[in-house]
Amino acid sequence: FIELIKGLEISQQEQLIPFLFECLQDPNWPIFEQAISELKKIGRDKITKYVELYLKKAYKEEDYMWVGGIKCLVENIGIKQSDFIDKDLFRLFEYSDF
């Protein structure tokens, strides 16, 4: 599936951002690094709001591995606390379990 995503235009990939964030739930999954790579191509300006959305969801579900996966994305793409709309959400990365 990720190979299909790679062949899509960025505007088409944007529709698949939720799927790509689901792929960050476990760093042991083979698709994990590829999901980060594809999200990086889409760009931080377009995914920052999704980072906040899925970070809240992962925390609410007590899925701290997912929090860690999102943290890997944030570190890889260079998203900072100042990029967040809700700056307080950034502290949830403290719950990352890796």
Side-chain angles (χ1 to χ4, degrees):
F1 191 69
I2 198 75
E3 293 302 319
L4 293 172
I5 293 173
K6 287 179 181 180
L8 297 174
E9 302 269 335
I10 295 295
S11 61
Q12 294 171 312
Q13 286 183 353
E14 288 175 28
Q15 297 172 13
L16 299 170
I17 289 173
F19 169 75
L20 292 169
F21 268 89
E22 298 280 329
C23 295
L24 300 178
Q25 290 179 310
D26 188 332
N28 298 306
W29 289 347
I31 198 170
F32 180 81
E33 291 294 330
Q34 293 172 325
I36 288 178
S37 178
E38 292 308 306
L39 287 164
K40 190 173 185 176
K41 287 180 193 174
I42 293 169
R44 71 184 224 189
D45 293 339
K46 293 183 181 170
I47 67 162
T48 301
K49 67 181 178 183
Y50 291 98
V51 169
E52 291 187 54
L53 173 72
Y54 286 99
L55 180 58
K56 281 192 275 190
K57 183 176 181 177
Y59 176 76
K60 184 177 179 183
E61 294 176 7
E62 297 180 3
D63 189 342
Y64 304 125
M65 186 176 287
W66 195 7
V67 170
I70 297 168
K71 182 179 179 182
C72 285
L73 170 68
V74 164
E75 290 171 346
N76 191 291
I77 206 167
I79 296 174
K80 302 177 204 96
Q81 184 173 7
S82 59
D83 296 321
F84 276 40
I85 294 168
D86 182 350
K87 312 252 186 285
D88 291 335
L89 284 177
F90 205 82
R91 68 174 177 75
L92 296 180
F93 288 124
E94 296 171 11
Y95 293 91
S96 170
D97 71 352
F98 69 94

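Keep in mind it's a predicted model, so treat the numbers as computed, not measured.
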*Would you find a donor on one side and an acceptor on the other, under 3.5 Å apart, between the side chain of Glu14 and the backbone of Lys46?*
no
*Whether Thr48 side chain and Arg44 backbone form a donor-acceptor pair below 3.5 Å*: yes
*Spacing of OH belonging to Tyr64 relative to NZ belonging to Lys71, to within rounding of 0.5 Å*: 14.5 Å
*asked:* What I'd like to find out is whether the side chain of Leu20 reaches to under 4.5 Å of the side chain of Ile42, using heavy atoms alone.
replied: yes
_From Ile31 atom CD1 to Glu22 atom CD, the distance as rounded to the nearest 0.5 Å_ = 11.5 Å
_Option among Leu4, Leu8, Ile2 that satisfies the side chain to side chain contact (heavy atoms under 4.5 Å, CB included) test with Leu16_ = Leu8
*State which residue, out of Leu24, Leu55, Asp97, fulfils the side chain to side chain contact (heavy atoms under 4.5 Å, CB included) condition with Trp66.*
Leu24
*Flag side-chain contact, heavy atom, 4.5 Å: Ile70 against Leu92*: no
*Got a sec: does the NZ of Lys87 have more than 12 other heavy atoms crowding it under 6.0 Å?*
yes
*In terms of side-chain geometry, is the basic nitrogen of Glu3 or Lys6 positioned less than 4.0 Å from the acidic oxygen of its partner?*
yes
*Apply side-chain contact (heavy atoms from CB on, under 4.5 Å) to Asp83 and Val51, showing your working.*
CA-CA 10 Å; Asp83 296 321; Val51 169; over 6 Å; no
*For the residue pair Phe93 and Phe84, does the interplanar ring angle fall in the parallel (under 30°), tilted (30 to 60°) or perpendicular (over 60°) class?*
perpendicular
_Neighbour count above 12 (heavy atom, 6.0 Å) for Gln12 CD_ = yes
*asked:* Restricting to non-hydrogen atoms, name the atom on Pro18 and the atom on Gln15 that form the minimum distance, rounded to 0.1 Å.
replied: CD-O, 3.7 Å
*So which heavy atom on Ser96 is nearest to which on Gly68, and how close?*
OG-CA, 3.1 Å
*Parallel, tilted or perpendicular: which fits the ring planes of Tyr54 and Tyr50, with parallel below 30° and perpendicular above 60°?*
parallel
_Nearest-0.5 Å distance that lies between atom CD1 in Ile47 and atom CD1 in Ile77_ = 3.5 Å
_Does any part of the side chain of Lys41, heavy atoms only, come nearer than 4.5 Å to the side chain of Ser37, both counted from C-beta?_
yes
*Leu73 side, atom CG; Glu75 side, atom CD - distance, nearest 0.5 Å*: 9.5 Å
*How far apart are the C-alpha atoms of Gln81 and Arg91, what are their side-chain angles, what is the distance that settles it, and do they pass the side-chain contact (heavy atoms from CB on, under 4.5 Å) test?*
CA-CA 9 Å; Gln81 184 173 7; Arg91 68 174 177 75; over 6 Å; no
*Give the C-alpha distance, both sets of side-chain angles, the deciding distance and a yes or no for side-chain contact (heavy atoms from CB on, under 4.5 Å) between Ile5 and Phe19.*
CA-CA 10 Å; Ile5 293 173; Phe19 169 75; 3.7 Å; yes
